[in-house]
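Worksheet: one structure, shown below.
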Amino acid sequence: MGANLGARAVVLGGGMAGLTAARVLADRYAEVVLVERDAITGVTGERQGVPQGHHAHALLARGHEVMEQLFPGMQDDLTANGALVGDLSGDLRWYFRGRALQQAYSGAINVSANRPTLEAYIRSRVLGLSNVVLRERTIVRGLTTTPGHGRVTGVLLVGDDADPRPETLAADLVVDATGRGSRTPAWLAEFGYERPDEEKVKIDLAYTSRYFKLTTDPFGLDLAINTVPHPENLRGAFFGRFPDSVALLSLTGMLGDHPPRDPEGFLEYARTLDAPEIYEAVRVAEPMTEPVSFRVPASVRRRYEKLARFPDGLLVIGDGVCAFNPVYGQGMTVATMEAEALAGHLAGGAVRPKEFFRAIESIVDIPWETSVGGDLALPGVEGRRTAKDKFGGAFIGRLHTAAQRDGSLTSAFFRVAGLLDPPQALMKPGLAIRALRTARQVDAEAVPATAPDAVVGERAVVVGGSIAGTLTARVLADHYREVVVVDRDEVLGISQPRRGTPHTAHAHGLHGRGYLILAELFPGLRADLQTRECRWATWARCAGTSTRACSNRRAPACCRSPPSVRCWRTTCAPGWPRCPTCGTCSAPS
Ligand SMILES: Cc1cc2nc3c(=O)[nH]c(=O)nc-3n(C[C@H](O)[C@H](O)[C@H](O)COP(=O)(O)OP(=O)(O)OC[C@H]3O[C@@H](n4cnc5c(N)ncnc54)[C@H](O)[C@@H]3O)c2cc1C
């Protein structure tokens with residue numbers, strides 16, 4: 001694409017927002033200068049300017065779509081470098097309100113690469129563009145303007161300690177992507193403009209994260225185990241796996257209930273999570289790093305679109321406009337969507353800040369409302385709760401309850417959470433009624449919670465160690481100090497038919513309600529039972545009906561009768577046929 005908007009654009013900040021902005025500006029300006037205070041050449045790990053890089057980061061499905069358009073082949077490149085790619089609701093295990101949701105494919109893709117890896121990849125693609133120039137170890141001190149401050153004409157830079165000479169760099173356009181600490185509000189005030197209004201929601205959140213080398217396999221085929229805070233437990237976690245048995249555990253705590261940094265406190269905090277398998281795994285895992293913490297006092301949205309006056313030649317993007325509560329994983333995706341909007345704006349042939357801010361207002365609105373709505377569902381979060389917030393919070397609560405039973409609700413929810421579908425998609429009458437009905441059934445049939453203090457005796461003896469005896473022992477264990485199971489056979493560690501249970505040599509199926517009760521009694525059951533062969537068998541059924549061999553072993557179960565396909569994909573190119581049930585795509589043969 002030709003350069004038609006000017007000689008030079010300068011992007012302040014080389015984080016995800018700055019990189020994606022630089023990518024689209026490179027299509028329209030002869031030169032794009034990326035100014036970054038950190039040394040970033042060759043850096044593939046965490047760095048000072050992006051302290052959140054120590055903590056779990058997910059790129060939501062919509063962000064993945066836009067990234068793939070801006071950087072074609074990204075998914076394949078990351079996968080080739082060891083990133084694990086899967087489905088946000090089919091391949092990740094999610095706990096909401098203390099219960100695991102039923103997993104189901106949604107077509108919302110999830111890339112499990114840590115933040116530094118993702119950023120280093122995007123950076124290499126951007127810096128590979130012939131007209132992008134990096135100025136690293138360079139700090140932005142201010143802006144230069146025309147005499148009446150009507151237009152920004154460049155930036156004031158200083159080198160870091162090694163080269164502290166001040167310098168002015170002229171620019172046709174300056175894009176501020178310096179993140180939460182953006183100085184644009186202060187610069188506006190300095191030039192006689194109003195500062196933007198700030199909306200703030202105090203969340204007093206902290207992350208503490210640590211890498212582990214696992215000695216057990218809590219994941220099965222899942223890519224991550226995540227638990228989301230709720231009124232009864234403000235503690236959450238993102239536990240993601242990487243190749244070679246490496247896993248990153250990010251503990252999160254809201255409203256001041258922060259995960260500690262000392263190893264014992266960290267482990268004790270993990271013990272209180274809704275997903276017991278996380279604690280069980282890290283308890284015996286080998287720590288690879290020291291715990292690192294990061295605090296987020298508030299989510300902040302700056303309303304640039306509401307300002308009556310704004311200088312020409314300046315835009316703000318990324319966290320500088322809206323820094324979300326990070327537990328919703330929206331920041332990078334919104335930054336890429338804003339870059340996409342910037343590309344559309346530049347295609348109009350001129351930069352008009354007010355129009356640009358209005359365009360990104362509509363991008364920020366939905367994730368902001370979703371995350372603030374989620375936070376306001378926690379009674380301790382301060383803020384005005386409208387009738388819409390209360391209704392929305394109550395409905396989403398019911399949907400999560402129903403999604404324990406109905407995977408189609410899980411996938412519908414994650415298509416919205418992944419910013420692929422609008423929230424209204426959850427309010428379609430058929431879906432909403434199903435959610436409310438199923439939630440009622442789940443409540444009615446819930447296995448009563450066992451109070452640990454409800455001890456009714458010293459010892460219970462169960463005679464017979466097969467399925468009924470074992471399950472009974474599991475329930476009794478909550479109420480007797482000791483439970484003894486007596487069986488004439490040797491049963492411990494035996495997974496073959498044995499003398500006392502000859503019928504187990506024959507086919508046995510565990511159906512609906514039985515499975516659900518077992519899953520409640522034994523959290524993590526699904527992952528423990530799920531074998532590689534099991535999911536491959538699903539794929540084989542699927543691919544077997546296609547005309548060509550399929551190399552994708554993650555084809556979802558719903559694709560039973562695919563049309564003539566080369567390979568099922570979770571990313572879609574324009575014109576590719578979609579599976580009507582699960583929404584995934586296939587390349588036309
Ligand atoms: C704990 C945590 C977890 C998160 N998890 C997720 C997640 O799972 N998914 C997700 O999408 N988002 C997540 N986010 C948000 C995400 O990190 C950001 O939204 C995203 O990186 C976009 O940020 P940005 O590029 O606007 O700013 P940043 O990433 O903060 O980058 C700003 C850049 O500007 C540079 N800079 C700053 N000041 C100057 C200066 N004066 N001169 C020169 N350079 C400067 C910095 O060095 C840095 O490189 C998380 C955030 C936190 C805090």
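All values derive from a computational prediction rather than experimental measurement. Counting starts at 1 for both ligands and their atoms, in listed order.
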Just to check, does [X] reach to within less than 4.0 Å of ligand 1 when the distance is taken from its heavy atoms?
| X | value |
| --- | --- |
| Thr138 | yes |
| Ile139 | yes |
| Gly181 | no |
| Arg47 | yes |
| Arg115 | yes |

Is [X] close to ligand 1, meaning an N/O of one under 3.5 Å from an N/O of the other?
| X | value |
| --- | --- |
| Ala17 | yes |
| Phe294 | no |
| Gly329 | yes |
| Ala58 | yes |

Self-check item: Presence of salt bridge, Arg295 and Asp204, under 4.0 angstrom
Solution: yes

Quiz item: Is the closest basic N to carboxylate O distance between Glu355 and Arg358 below 4.0 Å?
Solution: no

Quiz item: When you measure from the side chain of Arg301 to the backbone N and O of Ala323, does any donor-acceptor pair fall under 3.5 Å?
Solution: no

Residue and atom name of the nearest protein heavy atom (relative to [atom]), distance in Å to one decimal:
| atom | value |
| --- | --- |
| atom 31 (O) of ligand 1 | Gly15 CA, 3.7 Å |
| atom 6 (C) of ligand 1 | His57 CD2, 3.4 Å |
| atom 30 (O) of ligand 1 | Gln52 NE2, 3.6 Å |
| atom 3 (C) of ligand 1 | Pro326 CB, 3.5 Å |
| atom 39 (C) of ligand 1 | Thr178 CG2, 3.7 Å |
| atom 48 (C) of ligand 1 | Glu36 OE1, 3.5 Å |
| atom 19 (O) of ligand 1 | Asp319 OD1, 2.6 Å |
| atom 40 (C) of ligand 1 | Val140 N, 3.9 Å |

Exercise. Report the part of Ala56 (side chain from C-beta onward, or backbone N, CA, C, O) that has a heavy atom under 4.0 Å from ligand 1; answer both or neither where that applies.
Key: backbone

Quiz item: For ligand 1, does Ala177 get within less than 4.0 Å through its side chain, its backbone, both, or neither, judged by non-hydrogen atoms?
Solution: backbone

Quiz item: Are Tyr193 and Phe310 an aromatic pair by the rule of ring centers under 6.0 Å?
Solution: no

Practice problem: Identify, by atom number and element, the atoms of ligand 1 in contact range of Gly331, meaning under 4.0 Å from any of its heavy atoms. | Solution: 10 (C), 11 (O), 12 (N), 19 (O)

Quiz item: What atoms of ligand 1 come within less than 4.0 Å of a heavy atom belonging to Val50?
Solution: 48 (C), 49 (O)

Exercise. Quick one: sort the Phe96 and Phe414 rings into parallel, tilted or perpendicular, breaks at 30° and 60°.
Key: perpendicular

Quiz item: Does Arg303 reach the side chain of Glu361, with side-chain heavy atoms less than 4.5 Å apart?
Solution: yes

Practice problem: Measure from NZ or CZ of Arg261 to the centre of the six-membered ring of Phe266 and say whether it is under 6.0 Å with the direction within 45° of the ring axis. | Solution: no

Quiz item: According to the side-chain hydrogen bond (donor to acceptor under 3.5 Å, both in side chains) rule, which pairs have a member within residues 10-19, sequence neighbours left out?
Solution: none

